[in-house]
Amino acid sequence: EKIYKLEPMKKNLIENFLYARENMILLAKGNIGVDGKATISFKAAIQFDIANKTTHGTLDVIINAGFISGIGEGGRAGWAVFHKDPKDWYLYIGTPDHRIGVKLGVAGVYLKTGSYIMAGTQLPGSPPPPAHIARILGTDVQTLNYMRDENALANAGGFAFGTDLSIDTGDLTFLIFYANFKAGIGFDIMLKNYQEAQCSNTGEQVGINGWYANGQSYAYLQGELGVKVKLYFIKAKIPIISAGAAVLMQAKLPNPSWFR
């Protein structure tokens, strides 16, 4: 289904024609379903502002198909935005804070994926590691936010992408015992142009002609084994063994090069 939408009719045809010449919005939507119920749907819109030489487009994909659904609000599995004007341009297919991906669940076991790709002259800051990584390592997220200072610098954009994969078994029960396990891996990479930014120690321009890269990768494993207590007025889970392990690697380079 395609809909070509213009502003409500103006006072006369000439005024309406002038508006149409300078602004055009193309809308498209559709869905795939079973028994009249949509399980996969999408919406797309593109606006052309000819007078200001600006193009802006958006796309949303929603999945709610039983055992598989989007990880975003309302089952949003994918989204993208493209913008182009005389000064700036950018393309986001997800962002670090709002990733694209799906969640698969079978018999209480869930597999979840998340990703993003960004490019252009305007980019959000590089993300810190996930909060659960910091908790397992016994510290807080801000301590591990290795790009806090660089994110505050003016820049001319660049390129970034990242992905993560996790699995959660939920509670597995046997008699009065329960157990649950969680595991995951992920990474984030960014290459950004910081223009004339200089290293505070050497006074030299950072990176190569202002282009500076950073990245992080992480993995974790958590598990708990315990007993479920279920009496008349008492319901509780008593852990017997609870453990977790995580590894985090971070780097910024070159000139200066930094690793942790």
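Being a predicted model, the structure only gives us computed values, none of them experimental.
Taking the side chain as every heavy atom from C-beta outward, L123 and Y92 approach each other to under 4.5 Å. Side-chain atoms of L191 and W211, non-hydrogen and from C-beta on, do get closer than 4.5 Å to each other. Contact check for T54 versus H83: side-chain heavy atoms found under the 4.5 Å cut-off. Y218 is listed as a side-chain neighbour of D188, based on a closest heavy-atom distance under 4.5 Å. You'll find the side chain of Q216 stays beyond 4.5 Å of the side chain of S126, heavy atoms only. In this structure the side chain of L104 reaches within 4.5 angstrom of the side chain of I68, judged on heavy atoms. A 4.5 Å side-chain heavy-atom check between I71 and T113 finds every atom pair outside the cut-off.
The shortest non-hydrogen separation linking A246 to I133 is CB-CD1, 4.4 Å. The minimum heavy-atom distance linking A134 with D140 is given by the pair CB-C, 3.8 Å. In terms of heavy-atom proximity, Q195 sits nearest to A156 at NE2-CB, 3.6 Å. G162 approaches R99 most closely through the heavy-atom pair C-NH1, 4.4 Å. When all heavy atoms are compared, the tightest approach of Q250 to P129 is NE2-CD, 3.8 Å. Taking every heavy atom of both residues into account, V141 and A131 meet most closely at CG2-CA, 3.6 Å.
From I62, atom CD1 reaches atom CD of E73 across 9.5 Å, with rounding to the nearest 0.5 Å. The distance from atom CD1 of I117 to atom OG1 of T163, rounded to the nearest 0.5 Å, is 9.0 Å. Atoms OG and CG, from S115 and D164 in turn, are 6.5 Å apart once rounded to the nearest 0.5 Å. The distance from the NZ atom of K182 to the CG atom of L221 is 11.5 Å, given to the nearest 0.5 Å. In this structure, the separation between CG on D97 and OH on Y116 is 9.5 Å, given to the nearest 0.5 Å. Atoms NZ and CG, from K53 and D85 in turn, are 11.5 Å apart once rounded to the nearest 0.5 Å.
Annotation: side-chain hydrogen bond (donor to acceptor under 3.5 Å, both in side chains) contacts of D88 (sequence neighbours excluded): T121, Q122.
Grouping the Ile, Leu, Val, Met, Phe, Trp and Tyr side chains by contacts below 4.5 angstrom, directly or via other members, places Y220 with L137. Using a 4.5 Å cut-off between side-chain heavy atoms of Ile, Leu, Val, Met, Phe, Trp and Tyr, with links allowed through other members, I189 and F159 fall into the same hydrophobic cluster. If you chain together hydrophobic residues whose side chains sit under 4.5 Å apart, I100 and V102 never meet in one group. Note: the hydrophobic cluster containing V106 does not contain I167 (ILVMFWY, side chain heavy atoms under 4.5 Å, direct or indirect links).
Put simply, the side chain of R148 gets close to the backbone of Q142: a donor and an acceptor are under 3.5 Å apart. The backbone N or O of H98 lies less than 3.5 Å from a partner atom in the side chain of W79, making a donor-acceptor pair. Distance alone, capped at 3.5 Å, is enough to place a donor-acceptor pair between the Y212 side chain and the P256 backbone.
Classification of the Y90-H56 ring pair by plane angle, with boundaries at 30° and 60°, yields perpendicular.
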Checklist entry - L153 and V206: side chain to side chain contact (heavy atoms under 4.5 Å, CB included), yes or no, with the steps? => result CA-CA 12 Å; L153 296 175; V206 300; over 6 Å; no

Checklist entry - Could you walk me through whether N180 and D171 pass the side-chain hydrogen bond (donor to acceptor under 3.5 Å, both in side chains) check? => result CA-CA 5 Å; N180 59 64; D171 281 350; 3.0 Å; yes

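Other residues, nucleotides and ligands contribute only 12 or fewer heavy atoms inside 6.0 Å of the CD1 atom of I208. Atom CZ of F67 sits in a sparse spot, with 12 or fewer heavy atoms from other residues, nucleotides or ligands closer than 6.0 Å.
Between D168 and K112, none of the side-chain N atoms (NZ, or NE/NH1/NH2) sits under 4.0 Å from a carboxylate O, so this pair counts as no salt bridge.
The salt bridge (charged side-chain N to carboxylate O under 4.0 Å, His left out) pairs that include a residue from residues 248-260 are E150-K252, where partners are two or more places apart or lie in different chains. Within the structure, every pair that satisfies the ring-ring contact (aromatic ring centres under 6.0 Å, His included) test and touches residues 172-209, not counting sequence neighbours, is listed here: F161-F187.
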